[in-house]
Structures are given as structure tokens and as C-alpha cells.
Amino acid sequence: MLGGHLLHGGDYNPEQWLDCPEVLEEDIRLMKEAGVNCVTLGVFSWAVLEPEEGVYDFEWLEEIIDNLGKAGIQVILATPSGAMPHWLTQKYPEVMQVRADGQRNLPGKRHNFCYTSPVMREKVRAIDEALSKRFGRKENVILWHISNELGGNFSDGACHCEHCQEAFRRWLQEKYGTLEELNHAWWGRFWSHVYTDWEQIHSPAPHGETTVTGLEIDWRRFVTEQMSDFCGMERRAVKKYSGLPATTNFMSFFKNLDYHRLQKELDIISWDSYPFWHRIKDEVPEAVWAAANHSVMRSMKRAPFLLMESVPSAVNWREYNPLKRPGMHMLSSMQAVAHGSDSVLYFQWRKGRGAYEKFHGAVLDHRNGGNTRTFRDVSEVGERLPLLAKKAAGTVNRPKAAILFDWENWWAVEDTTGPRLDLDYVQCVLSHYRAFWEAGIEADFINMDAELDGYKLVSAPLNYMYRAGYAEKVRSFVENGGTFVTTYFSGEVNETDLCFLGRHPLEDVLGIGTEEIDAPGEEFANRFLYCGKEYPAARMCAIVHAKEGVSVLASYEEDFYRGCPVVTENAYGKGQAYFLAAESDQDFYRAFYGDLFQKTGLENPLRTELPYGVTAAERTDEDGKGLVFVMNFRNEPVKVEGTGRRTEAETGKVFEGEIELGAFECVVLDV
Ligand code: GAL
């Protein structure tokens, strides 16, 4: 566990207050009161750290780090590349991104730098090394925070300047070797798009190429690769004089960068979580969204991650921004820890006085010091985390189920034209995951490169692309006893979006032959009976036939494909493979996965049925010791029955057979 604690604190921007020493003093006093043990410094401090080119002013930062150290507060130190100072953009306009339409950005905002520009790389490397030299061995500095939300300013995921175009062409040359190979991979004769010179290749653009999907996918791969390279450069720079680990803060379901690639440049995963609590009265969809994101982060290294940012009250950037209702701050903080976070960190410690984020929630408001509801909520988390830290140390979630969530598949399935243009990969994955969440069964979120051994159940909804080697891996997983679920519009194309010819790559494992796929309008929605109950089949309805020996668990009830299978089960080797031919609703996914959990022996940590809105998550060490978090996302009390004898982790209180949870309450139990 980093720094020996569950970290509690967050982004601290004292450079905005350097002329108010009384504010800086109050900060440290109130941090101690709120149980803050860690702050992140320097995220957007470039203009203050390097007021003019090559002239560094680190004194103020050193003083603050030392004062924090005296108060027992640890520091995550950021590199400042997230926002560029005006002297830099004025002198070197090439550091500013060029958009897909060919226009170079004007100075301002943040995250809008070109990650290929040699000047940008040089300036960032220089200040990172200087920070490393000065602070990399300070006792209370524990982690490097590279840049901020890499790629966060992108509309389409990229800088399109000449440096990037050249790098893209070089990258393609290395990948394909010859133009012949590239033209084949991109199906170049379509609309006469055959390239005869590498110089003809240009990134996708609204006024240029958008129809060669192989190009689109490769461009996205290249952007990820280039950003990973930039991140790797920063990591090497901060490590030059320092042995500290490095992270960067990821974002929720961020499509533009393949985090499975980028994570290879990091020692620890961290992310910024901003669920839209209280958007509607039912918090379950948002809780599912947050739990899925936490699990994506944990699964990347199958290790604890850090919740780097979260808001203690309300954000300022949605159309309307509800305050957290009583209980939600503690519950959402515990939810992160439950799914594998070793921290609860906020954006930010103190609200700024001016500019864009002055009304964004923070631990300290513009008035009333520590005498606010938010401050009390935060202090409660600050009191609770140390009580859990010892038992959480060395633990992580170890699910026996996994959901396939793959960035390249995401790009490909949403870029493709037909059978629908409104496919939403994340929503589809979430509707499957929600069945796991409601049952209190943890799942990892893995991509196609992950090992499947060790899981009992792997679900791969809308798994349109199969990269080389993936089908073989699934085949041997099922052969060896695994249970595999997949859906309509899966196994359609290879990694450059060329359709598989002849048959579905997992036809033998699934035991089905695919024929056509209907994307009906609402009035043509179909339906099917599963275990005696009727469910909708809508939006995507594959027409398949079952091979001999396959069990058809449900069939269409309507239209010309009435009687064709919707749900199939095939025994293959020692395992089972399921095919869901149509999109259905949450009630169906709940029923279907409920049956699979029984068949595969997957149980939640309480081994009992959970009421609606309640879920559970378990973190254990290698000996099976750890914590179970039972979370009630309903704004009213609920009772969980049939739990057996359980002991509360912090108090030793014993529950005999049932647990009562208050509104938005999280109870933590020993394992
Ligand atoms: C994050 C960002 C922070 C802050 C926050 C506001 O995306 O990293 O710097 O702007 O949003 O919600």
C-alpha cells in the first residue's frame, strides 16, 4: 500500500494563494482536522514553476512540501505538462495542437499540446528532470503524477499537425512494410483508395477521408501509441533522479486512448471519478457505471489503483449539478475502496476565487472554513479510512468472472456502418455487467490480450472484432471448463476491420451458424420466451441456426424468423458456450446471468440474495483474509437477510444472520 496508508486528500493548488500566507496556514491546519494524509501538488503549475523559458522557481514548492511534511502529509508530485504557459505557445506555436479540420488551436485552456512536437517534448523533459532532481528523493514525496488526463482536450482523439502526419506514416511503414500490405489491410480498391506513395496518407478528417475504417482504427492506434510514447518520455524524465513510482490520472470510459496500451507506461493506475449522483431517484445505473469504471482500472494491472479525483460535493460542468445527498459522500468513497482503490482523493482541496472552476465543489468553500456540511462529510471519511487501512493492506478483489471490454473493439464497432449507426458499446457492456453488480458478483474488465485462465465465466458482449489468436484462446478456455457468453454482431472482423469469410471464428465452440442480422425499427420489435417469461428482442436480432446437439433455450416469437434461436447453449470440451442472438432488456440479463451464476457456482461474498440497490464487493489477501463491503445505494434503509454470522471490520460488532443498512450506507465486514 503506497505510503503505508489508504490515502486521503486530493489536488492542492497553493500557487493560486501564494500571496495569502494566512490561507496556506489555514490549509494545513484544516487538512489535519479533516484527516488528510496526502495531497497532489503542481498539476497545472508550469507558469509559476518556470516563469520564463529555462528559469525555474521551485522555492515556493519546496517550502510547501516541507510544511506539509512537518504536518505528516505526503505528496503526490505532478509534472506540469497538462497546461502550457503563454511564453511557450507564443515562442513555439508548434506546441499547440492542430485539429482534424487542419486549424491550429489558439493558446489557452489545457491538454491541448502536440505530443509529437520535438520542442514540446524537450521543454517538458527539461522541467520534469529538474523536478526529479530537486524533489525526487524528498521523504514525503511518494508518487509522480504525469501530466493530467492525457488526451482530455481532444474532440476526435488527436493532433493532426505535420509532425504527427509524418510520424503516422513512419508508424504505418513499420507496421505494414509495403503499401501492398497496407492496401490489402484497408481494402484499398474500394472507391479507388489505393495508396501508391506513403506521402498520400493523411489522418482521418471531416473534409477528407472518413470511409476507410481500417485507416480510422490504425489512426486511433497510432494516437494511443504516440501518447504512450510521450507519457513514457515523462516517466523516464521524472525517474532520472528518483526511484518513485509514476501514474497518470485516467478518465471514465475514455474512448480516444486505449488505456490497456497506455497503462504499460505506468507503475500504478489512477483515475478521476465523477458519477452523476442524484440525476434520477434510482441511483443504481450510476452506481453500476462507477463500479464498472473502478473495475476497469483495477483489472488493468489486477492490482489496487488510486481514486485520484472525486468531488466532495458537486461539480460545476454539467447542465445542472446536484449536491451529494447525506450519506452519498461516504458511500461513493467506500465504493471506490470496495472495488480496489487504495485512496479517496478529491478535486480539489480549496475552491479557487476566479476563472472556470470557482464554483466546482472542493473540501473548503469560499466561506465558513471547516464549518460546512462538506467539510464534515470529508472528515468522516478521514476518520474511517485509517480504521480500515490495516485490514485492507495487501488485499485486492479477485473475481472469478470477467467481462470483455476492449478499446479496439469499441472503436471498430462504433465506427462501422451498418446494421445500425447508433451502437453504443459501453451501454451494452454496462447492461450485461449490471446483472453481475445486482447479484453482488465482482467482475474484472479485460481486453482480448488478457489470460482467461482462472475465470469461471467470461462474457463478451458485442465482441465485433477478433484479434489474431483470440478465438483460439476462447476455444481452449471453454475446452478446459470455462463458461463463455457472447452476443449478436460478434466475431465479424479481424483487426483491420476485414470481415471473416466462410464462417464465424467460434462456430464450433458456439455451435451455431450465423445467417443474417436484422436491425428492426421499434414497430418491428420481436420477443422471445425464456424459462416461461417473455422478453423483448429488439434493435439487433441475429438470425442463426443451431447445430446438432445444441440446446436452444429461447426462440423468436414473431416475424419471418419466428422459431429461430435467440439463446443457445453448447457444451464444448469441459465447458459451455452461450450465444445471445438479440439485444434484450435488463430483466432478461438478470434472469439469464442469474441462471449462469447458479450453474457455474458463482456467489456473492454474503452468499445470499441481495435486495434491489444493494451490492457487495470483497478484497482479500493471498490467505483469503480481508474485507467485504456491503453497499446500499437506496435512499432508504434496507435489510439483507440470510447473511450468517458476520463481524463489522471497524467496530467488531456482530451481525447474527441479517444486516440492516441505513439510507446510502456502506457496512464493512471482516473476511
Ligand atoms: C478533472 C480534471 C481536474 C478538474 C476536474 C473538475 O477532469 O483533472 O483538473 O478540472 O476535472 O471536475
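Start at 1 and go down the list; that is how both ligands and their atoms are numbered. Treat the numbers as computed from the prediction; the structure is a model and nothing was measured. Basis for what follows: all heavy atoms, side chains included, without hydrogens, waters or symmetry-related copies.
Listed by number with element, the atoms of ligand 1 under 4.0 angstrom from any heavy atom of Glu149 are 1 (C), 2 (C), 7 (O), 8 (O). Each of the atoms 6 (C), 12 (O) of ligand 1 lies under 4.0 Å from some heavy atom of His360. Shown in contact with Phe44 at under 4.0 Å from a heavy atom are these atoms of ligand 1, numbered in order with element: 9 (O). Every atom of ligand 1 is numbered from 1 in the order shown, and the set under 4.0 Å from a heavy atom of Trp317 is 6 (C), 12 (O).
Nearest protein heavy-atom neighbour of atom 3 (C) of ligand 1: Glu309 OE1, 3.3 Å. Counting only heavy atoms of the protein, atom 4 (C) of ligand 1 lies nearest to Glu357 OE2, 3.2 Å.
The proximity of Arg110 to ligand 1, defined as any non-hydrogen pair under 4.0 Å, is limited to the side chain. Residue contacts with ligand 1, taken as heavy atom pairs separated by less than 4.0 Å, involve Asp272 solely via side-chain atoms from C-beta onward. Within the 4.0 Å heavy-atom criterion, neither part of Asn316 lies near ligand 1.
Tyr425 and Phe405 have their aromatic ring centers within a separation under 6.0 angstrom. The ring of Trp277 has its center no closer than 6.0 angstrom to the ring center of His329.
A salt bridge (charged side-chain N to carboxylate O under 4.0 Å, His left out) check over residues 293-310, counting only residues at least two apart or in different chains, returns the pairs Arg298-Glu442, Arg298-Asp444.
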Step by step, work out the side chain to side chain contact (heavy atoms under 4.5 Å, CB included) result for Met334 and Met330. CA-CA 6 Å; Met334 287 298 127; Met330 175 64 81; 3.8 Å; yes
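At least one donor-acceptor pair closer than 3.5 Å links the side chain of Trp407 to the backbone N or O of Phe254. Side-chain N or O atoms of Asn13 include none that pairs as donor or acceptor with a backbone N or O of Glu15 at under 3.5 Å.
Every residue two or more places apart in sequence or in another chain that forms a side chain to side chain donor-acceptor pair (under 3.5 Å) with Arg634 is listed here: Glu636.
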